[in-house]
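Order of the sequence lines fixes the chain letters, A, B, ..., with proteins taken first and strands second; residue numbering starts at 1 for each chain.
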There are 2 protein chains.
Amino acid sequence: MTLRRTFKREGEEARRAALIDATLDCIAEGGPQAATVRAIALKAGVTPGLIKHYFDTKEDLVAAAHETLMTRLTEASAAALDDLPADPIARLAGFIANAVTPPVVDPRAMALWAASMQLVPRDTAMRDVHEATYLAFRDRLEGMIVDALRTAGKPHDKPATRALAIAGNALLDGLWIEASVLPDQFAQGEMRTIAIRAFARLLDLKLPE
Amino acid sequence: MTLRRTFKREGEEARRAALIDATLDCIAEGGPQAATVRAIALKAGVTPGLIKHYFDTKEDLVAAAHETLMTRLTEASAAALDDLPADPIARLAGFIANAVTPPVVDPRAMALWAASMQLVPRDTAMRDVHEATYLAFRDRLEGMIVDALRTAGKPHDKPATRALAIAGNALLDGLWIEASVLPDQFAQGEMRTIAIRAFARLLDLKLPE
DNA sequence: GCAGCAATTATTCAAGTGTATAATTTCAGC
DNA sequence: GCTGAAATTATACACTTGAATAATTGCTGC
């Protein structure tokens, strides 16, 4: 006569996805230490034991969650590219503006990013993921910089564009962090203007604001 | 006949400092979750109970540790300023180079910074500390930019220098992060050159490399 | 419908957590 | 040297953690 919790069977992929999403939510809200098996299970609407059924260990679940996070960030960036104009210069400007305004600028994403950054120095798997993600983003930026410079009839030799991509990437990262963490410090649209003008000076190029 | 651990009485300030240092070490090595009272006490060469004697709660100790960290970073930056040349342009170049090379670039500092970044979105006290630190650094950078522009006979109206300081700060932050976390990606001295050339273009100024 | 298998829940356990309290030891002042 | 107060250690406790196992339930194929 003990009343047991009623449940529904979901597919494996759905349950894994739900558990991963719940893990990311927990980390975003309370940091890694808040992502306990019980909290994750509660948020996923499931019992803690089920985690063991889909992931051998909690560490495996966290690793899967981080991989999902990185993939999503990359995909979001790639998806935004499709909506950008074809003209290389306008395209670069749109890409820059996109990187420093919502929804890319987002406190939750920032918290998740900080959590993963913390693991990178002492977890080789995490470092590999970070390195690959970093280089992919930077290479994409470098490609757009080269296209824009070529369109404007400016020189674009390899060592110079590499340096510009590294600096440009760093600039976007820094602006993204501060805009995400201290939104009240910047006026509406200010980040966008600052980023585009800074890139214009960096590349010695007129960029449409 | 139970043999008790022998100990020496240290002053209050020495013990508090030792506990704070031990806390920072633990966080740097294994993240916040590794900073348990037992691990901290062990690293400080002390018994866990003593923590309670100097800090009402572990949370208090962690807060004190973060405040110490921020203060140290600020002081380190200020100390380096004294060794810079008096000429505003050379001074700015030295400041930039300093920010993207060791010992400022440091995986341990980076890990600690990421740990505190993670707390900022959901802890108002941490956000206040971060905001104050960020603005102090940025204002100092803006002052140096203004001095350099004035020396070069360039215009330096307020809204423009604010934007340049925000962008310059973001650039230094981003380069510092990547240099700290992926040191193998950059050649010896490469970051320094990239940073100074990027600033030269940003400010339309010749900077000594 | 029903048999059986896999998904899910419930329960348990050992280890680790922060904190509170009691027992000792150090050391300064006389 | 002694004494007493404060610093430090030792011990205990209640709670949370991740994981392992047993019990049950939902569902698919016949």
Is any side-chain N of the basic residue among [X] and [Y] closer than 4.0 Å to the acidic one's carboxylate O?
X	Y	value
B/Arg197	B/Glu209	yes
B/Arg16	B/Glu12	yes
B/Arg138	A/Glu178	no
A/Asp21	A/Arg72	yes

Can you tell me how far [atom2] of [N] sits from [atom1] of [X], to the nearest Å?
X	N	atom1	atom2	result
A/Arg15	D/dC27	CZ	P	11 Å
A/Arg38	D/dA20	CZ	C1'	12 Å
B/Ile51	C/dT17	CD1	C1'	12 Å
B/Asp56	C/dT21	CG	P	13 Å
A/His53	C/dA10	NE2	C1'	15 Å
B/Phe55	C/dA20	CZ	P	16 Å
B/Arg16	D/dA7	CZ	C1'	14 Å
A/Glu12	D/dC27	CD	P	17 Å

For A/Gly49 and for A/Gln33, locate the closest nucleotide of DNA chain D by heavy-atom distance; then report the residue assigned to the nucleotide nearer the 5' terminus.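 Looking at DNA chain D, the more 5' nearest nucleotide goes with A/Gln33.
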Is any side-chain heavy atom of B/Thr68 closer than 4.5 Å to one of B/Thr71?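 The answer is no; the side chains never approach within 4.5 Å.
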Does a side-chain heavy-atom distance below 4.5 Å link A/Met117 with B/Gln118?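 SC-SC contact between A/Met117 and B/Gln118 ruled out.
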What about A/Arg5: does its side chain form a donor-acceptor pair under 3.5 Å with the base of C/dA10?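 Answer no: no donor N or O sits under 3.5 Å from an acceptor.
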Any N or O donor-acceptor pair under 3.5 Å from the base of C/dA6 to the side chain of A/Arg9?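 Answer is yes: a donor-acceptor pair is held.
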Are OP1 or OP2 of C/dT19 and a side-chain N or O of B/Thr57 less than 4.0 angstrom apart?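 It does, given that an N or O in the side chain of B/Thr57 lies less than 4.0 Å from OP1 or OP2 of C/dT19.
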Output yes when at least one side-chain N/O atom of B/Thr6 is less than 4.0 Å from OP1 or OP2 of C/dT26, else no.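 Answer is yes, contact under 4.0 Å.
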Would you classify A/Tyr54 as touching base, sugar-phosphate or nothing, given that sugar-phosphate means primed atoms plus P, OP1 and OP2, and contacts are heavy atoms under 4.0 Å?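 If one applies the 4.0 Å heavy-atom cut-off, A/Tyr54 turns out to touch the sugar-phosphate alone, with no base involved.
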Looking across every strand, which nucleic acid part, if any, lies under 4.0 Å from B/Glu10 by heavy atom: base, sugar-phosphate, or nothing?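 Sugar-phosphate only.
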Could you please name the option among [options] that lies closest to any side-chain atom of [X]?
X	options	answer
A/Leu50	C/dT26, D/dA19, C/dT9	C/dT9
B/Arg4	C/dT24, C/dT8, D/dG26	C/dT24
B/Lys8	C/dA6, C/dC27, C/dG18	C/dC27
A/Thr47	C/dT24, C/dT9, D/dT25	C/dT9
B/Lys52	C/dT19, C/dA20, D/dG18	C/dA20

Which residue, B/Phe7 or B/Pro48, contacts DNA chain C at a nucleotide closer to its 5' end, judged by nearest heavy atom?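 The residue closer to the strand's 5' end, by nearest nucleotide, is B/Pro48.
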